[in-house]
Amino acid sequence: MQKIRCVVERITYQNPENGYTVLKCRVKDYSELVPVIGNMIDANVGSVLVCDGNWKVDAKYGRQFVAENWEETLPATVYGMEKYLGSGLIKGVGPKFAKKIVRQYGADTFAVIEDNVEILIEIEGIGRKRVQMIAESWERQKEVKNIMLFLQEHQVSTSYAAKIYKQYGNDSISVMKENPYKLADDIWGIGFKTADQIAMKLGFGKESYVRLRSGLMYTLSELSNDGHVFAEKQQLIDKASELLEASPETVIMTMDDMLRKDELILEKNIVRTDDEGNRITAIYLPPFFYAEVGVAGKLKKLASTPAGDRLYTRLTEARKKTGNEALSLDIGAIQRNTHMEYDDIQADAIRTAATAKVMVLTGGPGTGKTTTTYGIISAYKAYGLKILLAAPTGRAAKRMTEATGLEAKTIHRLLECKPPEGYQKNEENPLEGDVLIVDECSMIDIVLMNSLLKAIPPAMRLIMVGDIDQLPSVGAGNVLRDIIDSGAFPVVRLTRIFRQAQTSRIIMNAHRINEGRMPDISNGKNTDFFFIENEDAEASVPRIVKLVQENLPNYYHVEPSQIQVLTPMQRGVAGATNLNLSLQEALNPAEHDIFMRGRGKVTMPKECLRRSGYAFRADDKVMQIRNNYDKEVFNGDIGIIESVNETDRNLKVNFDGRSIEYDVTELDELVHAYATTIHKAQGSEYPIVVMPIMMNHFVMLQRNLIYTGITRAKKVLVIVGTKKALAYAVKNVTVTKRNTLLRERLAE
């Protein structure tokens with residue numbers, strides 16, 4: 001093994017999935033930059049690295065240093081200091097100020113910042129506010145470096161250091177030493193496996209109580225990520241024992257202790273059996289148990305309480321007076337008012353909505369859900385009812401506003417989410433209005449539904465609209481399907497495809513797929529549904545890039561930003577991660593041409609921030625991947641990066657007209673969104689969708705996934721893939737059953 005000390009000049013390549021990195025570094029006694037390769041995903045431009053490894057000569061790339069181990073140190077040379085300060089690691093100092101500071105203080109630069117930072121005000125352009133920013137960032141960076149060294153000692157990725165410091169401050173190392181499993185509980189993005197890695201290095205035993213407890217919590221949490229509200233007892237024991245490599249007996253003892261402490265909850269009232277007739281013992285994490293019990297109780301109470309509005313009162317009185325329980329609204333008057341015609345099922349939906357307290361309206365694309373909802377709204381408005389509209393995502397709420405002419409809000413905004421207190425609308429401060437209509441209800445998970453129902457006063461009506469043949473919610477539960485299957489509330493299912501919709505092959509094919517039949521993939525000049533045969537996943541990537549960059553924009557006269565690539569999986573050659581890298585390079589490359597006075601056209605690198613191997617540049621299309629209540633952006637929201645500031649290490653994203661700032665340490669909440677998974681696209685519509693469907697996606701190919709993907713396309717859909725993969729997906733209806741007892745609770 002040999003040792004080199006080097007300064008990182010630029011990052012040539014990083015693979016975010018396995019950490020493989022290629023750096024170009026300045027090394028003493030070498031006139032040219034030296035390629036250094038290895039698992040170095042946390043290295044930054046300007047960092048000074050001490051690397052242990054060996055030299056090798058690559059046939060294609062020449063001489064390289066392969067780093068086996070590395071650690072970061074502070075630079076000792078004036079050049080290194082300037083590079084380090086200018087890298088953006090210290091907020092308030094970019095390349096311009098780094099040059100000025102080092103020119104003034106030379107080799108004493110770091111000593112000045114450490115011991116006498118106030119004198120930086122001597123430098124032109126640096127005011128008191130910037131001096132304060134530099135001082136705070138330097139102190140923070142010092143402590144983060146200590147955490148990084150601690151993590152490096154325990155062979156854990158140092159990319160978590162900033163998050164750990166943000167959570168625990170100067171107590172970070174003592175917290176990790178005392179109970180590293182707290183990291184998994186407290187910090188988003190750090191899971192049990194990372195905490196366990198630290199704990200093992202610190203000497204925690206495999207069957208220590210804190211480890212077994214954390215492993216059980218992690219197992220239940222992972223099951224909830226797969227949509228399960230609870231775990232079957234034996235399922236939990238088996239999975240936790242496998243994860244922890246511990247005996248089932250010690251797992252059971254820990255689980256029993258957690259049940260006694262109410263850290264886990266055992267369902268005692270609902271009896272359910274499996275296919276063989278054995279009783280299922282359900283074990284919940286408390287938030288999911290109370291959410292499920294709460295949803296069932298609140299829905300039943302809401303349905304049994306009379307509405308307080310004029311329409312409900314008049315119809316109830318008229319039915320009593322005439323003895324005609326079927327008496328309802330004059331649909332003809334509503335048709336004249338809306339200038340629309342309703343078929344028998346749509347008319348039945350409007351009549352049902354006149355007296356229902358809780359009701360579900362469901363149906364596939366082209367069956368008139370929007371038209372029927374508008375008819376229901378018109379009926380309510382005719383009697384002066386105050387109507388609230390909501391949807392789970394910003395895009396779905398926007399579509400609802402456009403379709404009805406009334407303001408629709410996301411559920412989070414309707415409930416006035418204000419961190420850290422939570423939702424301002426609740427039992428003590430309920431919503432004000434006569435009726436709440438919620439669209440895209442198939443997306444609502446059990447926890448969000450419970451929060452929504454808390455804010456609905458007893459006299460208000462609730463109309464739920466959605467398509468249960470789509471994918472269920474990303475979060476735990478199968479709320480809309482359970483409500484329908486319980487038989488506890490009126491449900492109207494729209495089935496007729498209207499004549500106007502019959503001209504769309506997207507809609508007709510979606511229904512064919514839902515019925516288990518192959519879609520019409522004959523293509524043709526006037527169709528909106530195209531199929532491009534492509535056997536090779538590798539070859540599909542440049543094909544998809546060309547479709548998005550050239551073919552579709554040229555033919556339909558749209559910007560590439562109007563085209564969304566949807567794929568069944570995150571990983572793999574034709575997965576969202578790899579497609580994003582290729583699409584970003586094509587649509588928003590690292591360098592751009594600018595015109596400078598006296599120099600003409602000059603190619604310059606775009607400002608960019610890196611996180612976990614990804615480069616974020618201005619004009620990148622990005623998606624938020626977790627609910628952030630502080631910023632009021634939520635899982636699945638898509639925006640465009642409008643500016644990147646390398647000096648202050650932050651960027652701004654425009655989400656539907658709202659500019660949201662992200663620090664570099666928060667960038668793991670964002671992913672590129674040129675391509676995204678079909679799951680993440682729920683509730684959204686895009687003018688043009690390109691969708692790869694290949695046998696590489698085998699594990700995800702299911703009918704409801706393909707159906708959901710197809711119905712995201714508003715005007716044009718292009719499938720790139722194989723008939724075999726498409727046929728397999730259409731036939732595969734073995735959707736994983738979710739562990740939930742909401743249907744049984746509602747049917748009680």
Side-chain angles (χ1 to χ4, degrees), residues 294-295 298-299 301-303 305-313 315 329 334 337-338 349-350 352-362 369-418 422-445 447-466 473 479-480 483 489-490 492 629 632 634 656 683:
V295 167
K298 292 179 187 75
L299 276 174
K301 184 180 177 183
L302 189 64
T305 308
D309 59 74
R310 197 165 62 133
L311 172 58
Y312 189 92
T313 309
L315 268 177
L329 294 171
I334 296 167
N337 190 32
T338 59
I350 297 168
T352 303
T355 52
K357 274 300 302 303
V358 176
M359 170 189 155
V360 176
L361 175 66
T362 186
K369 286 197 303 296
T370 302
T371 308
T372 308
T373 303
Y374 188 66
I376 291 169
I377 288 170
S378 297
Y380 288 152
K381 282 170 76 176
Y383 283 84
L385 273 65
K386 183 181 178 184
I387 302 160
L388 304 178
L389 303 181
T393 67
R395 293 187 171 228
K398 195 174 178 183
R399 285 208 319 275
M400 210 177 179
T401 299
E402 289 164 358
T404 62
L406 299 176
E407 185 194 8
K409 296 179 179 179
T410 63
I411 294 172
H412 294 97
R413 292 211 176 92
L414 180 78
L415 300 180
E416 296 177 14
C417 177
K418 286 186 183 170
Y423 296 119
Q424 303 301 294
K425 291 294 183 184
N426 47 40
E427 295 101 326
E428 288 76 38
N429 181 29
L431 296 166
E432 294 175 10
D434 298 306
V435 58
L436 171 63
I437 301 176
V438 187
D439 199 7
E440 295 286 1
C441 284
S442 63
M443 293 181 66
I444 302 178
D445 61 47
V447 174
L448 183 59
M449 183 54 110
N450 188 44
S451 298
L452 180 62
L453 290 169
K454 280 181 185 176
I456 299 177
M460 185 180 271
R461 301 165 182 258
L462 174 63
I463 310 294
M464 292 172 278
V465 184
S473 59
V479 175
L480 185 63
I483 289 170
F489 313 101
V492 179
Y629 299 98
E632 286 190 56
F634 303 101
D656 287 328

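With sequence neighbours excluded, the residues forming a side-chain hydrogen bond (donor to acceptor under 3.5 Å, both in side chains) with Thr372 are Gln346, listed by chain and number. Legend: residues meeting side-chain contact (heavy atoms from CB on, under 4.5 Å) with Ala408, ordered by chain and number and at least two apart, are Leu389, Ala397, Met400, Thr401. Legend: residues meeting side-chain hydrogen bond (donor to acceptor under 3.5 Å, both in side chains) with Arg399, ordered by chain and number and at least two apart, are Glu440. Under the side-chain contact (heavy atoms from CB on, under 4.5 Å) criterion, Lys298 pairs with Glu427, Asn450, Leu453, Lys454, not counting sequence neighbours. A search for side-chain contact (heavy atoms from CB on, under 4.5 Å) contacts involving Asn429 returns Lys425, Asn426, not counting sequence neighbours. When the salt bridge (charged side-chain N to carboxylate O under 4.0 Å, His left out) test is applied to Arg413, the partners found at least two apart in sequence or on another chain are Glu632. Under the side-chain contact (heavy atoms from CB on, under 4.5 Å) criterion, Ser473 pairs with Asp445, Arg738, not counting sequence neighbours. Considering only residues two or more places apart in sequence or on other chains, Thr313 meets the side-chain hydrogen bond (donor to acceptor under 3.5 Å, both in side chains) condition with none of them.
The salt bridge (Lys or Arg N to Asp or Glu O under 4.0 Å) pairs that include a residue from residues 381-396 number zero, where partners must be two or more places apart or lie in different chains. Within the structure, the salt bridge (Lys or Arg N to Asp or Glu O under 4.0 Å) test picks out no pair touching residues 402-412 (sequence neighbours left out). Sorted by first and then second residue, the pairs that involve residues 371-414 and meet ring pair (Phe, Tyr, Trp, His ring centres under 6.0 Å), not counting sequence neighbours, are His412-Tyr629, His412-Phe634.
Smallest separation of non-hydrogen atoms from Ala349 and Ile376: O-CD1, 4.2 Å. In terms of heavy atoms, Thr338 sits closest to Ser378 at CG2-OG, 3.0 Å. For the pair Val358 and Pro490, the tightest heavy-atom approach, listed with the atom from each and the gap, is O-CD, 3.1 Å. In this structure, Thr355 and Tyr312 approach most closely via the heavy-atom pair O-CE1, 3.1 Å.
For the side-chain contact (heavy atoms from CB on, under 4.5 Å) criterion with Ile444, the lone passing option out of Val295, Leu480, Ile411 is Ile411.
Leu448 is not listed as a side-chain neighbour of Val479, based on a closest heavy-atom distance of 4.5 Å or more. The shortest distance between side-chain heavy atoms of Leu452 and Leu414 falls below 4.5 Å.
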Kindly list each side-chain donor-acceptor pair under 3.5 angstrom involving residues 457-464, sequence neighbours excluded, with atom names and distances?
residue	atom	partner	partner atom	Å
Arg461	NE	Asp309	OD2	2.8
Arg461	NH1	Ala353	O	2.9
Arg461	NH1	Ala354	O	2.9
Arg461	NH1	Ala356	O	3.1
Arg461	NH2	Asp309	OD1	3.2
Arg461	NH2	Ala354	O	2.8

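Between the CG atom of Asp656 and the OG1 atom of Thr410 there is a distance of 10.5 Å, given to the nearest 0.5 Å. To the nearest 0.5 Å, atoms NZ (Lys369) and CG (Asp439) are separated by 7.5 Å. Rounding to the nearest 0.5 Å gives a distance of 12.0 Å between OG1 of Thr305 and CD1 of Ile456. For the atom pair CD1 (Ile437) and CD1 (Ile377), the distance works out to 4.0 Å, reported to the nearest 0.5 Å.
Distance alone, capped at 3.5 Å, places no donor-acceptor pair between the Lys418 side chain and the Gln424 backbone.
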